[in-house]
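As structure tokens, the structure follows; a few thoughts come after it.
Predicted model only: the values in this text are computed from it and were never measured.
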Amino acid sequence: MALLLPGGGHLYMGNTLYGAAGAILELLVAVWLILSLADRYHGLTGSIPAATLLGMALAGIKAVTFFHSQDLLQGCFPVMRQLPFNKS
């Protein structure tokens, strides 16, 4: 969920503030990335480094969101141990 939707991992966990902030940030960077690629299509020369940096920034934001929501999710469950075996 964290990789598909902007802010999806945090929204899934019920962290609305983190989810909304992450969604706004991811959408903003994604729009800038699309605009820089459109500029490249129109022949602007400085848009290749901008698109590269924005792509790396978007990948970094996605990675941080994914691992942070995964860490929050693992914190919700107790440590897995063996259950006691009842002999009848």
Side-chain angles (χ1 to χ4, degrees):
M1 189 116 184
L3 295 177
L4 297 177
L5 299 173
H10 288 111
L11 292 173
Y12 176 76
M13 288 298 301
N15 294 331
T16 310
L17 182 63
Y18 286 138
I24 290 170
L25 184 64
E26 287 180 31
L27 289 174
L28 185 64
V29 172
V31 167
W32 283 342
L33 177 62
I34 291 169
L35 290 176
S36 68
L37 291 174
D39 286 344
R40 175 65 185 134
Y41 180 73
H42 293 295
L44 294 174
T45 57
S47 59
I48 296 260
T52 304
L53 289 175
L54 287 169
M56 290 189 316
L58 186 59
I61 292 169
K62 284 289 192 183
V64 167
T65 302
F66 176 76
F67 289 118
H68 186 246
S69 62
Q70 185 181 22
D71 188 43
L72 287 175
L73 184 63
Q74 287 179 353
C76 291
F77 296 105
V79 177
M80 298 296 287
R81 0 177 213 187
Q82 288 185 333
L83 297 174
F85 184 69
N86 291 333
K87 291 184 180 180
S88 308

Next item on the list: Drop me the distance from Ile61's CD1 to Leu25's CG, to the nearest 0.5 angstrom.
Entry: 4.0 Å
Checklist line | Shortest non-hydrogen separation from Leu54 to Ser36 and the atoms involved | finding: CD1-OG, 4.0 Å
Note to self: So, taking the atom named CG in Leu33 and the one named CG in Leu28, what distance separates them when rounded to the nearest 0.5 Å?
What the structure shows: 11.5 Å
Next item on the list: Search all heavy atoms of Glu26 against all heavy atoms of Leu58 and return the closest pair with its distance.
Entry: O-CD1, 3.8 Å
Margin query: Test of understanding: clusters of I, L, V, M, F, W, Y form through side-chain heavy atoms closer than 4.5 Å, transitively. Do Val29 and Ile24 belong to the same one?
Written below: no
Notebook entry, point to check: Can you name the nearest heavy-atom pair linking Ala51 to Leu37, along with the distance?
Noted result: CB-CD2, 3.8 Å
Next item on the list: Establish whether Leu27 and Trp32 are linked, either directly or via other cluster members, by ILVMFWY side-chain heavy-atom contacts under 4.5 Å.
Entry: no
Check: Could you state the interatomic distance from CG (Leu53) to CD1 (Ile48), rounded to the nearest 0.5 Å?
Finding: 12.0 Å
Check: About how many Å separate CG of Asp39 and CD1 of Ile34, when rounded to the nearest 0.5 Å?
Finding: 12.0 Å
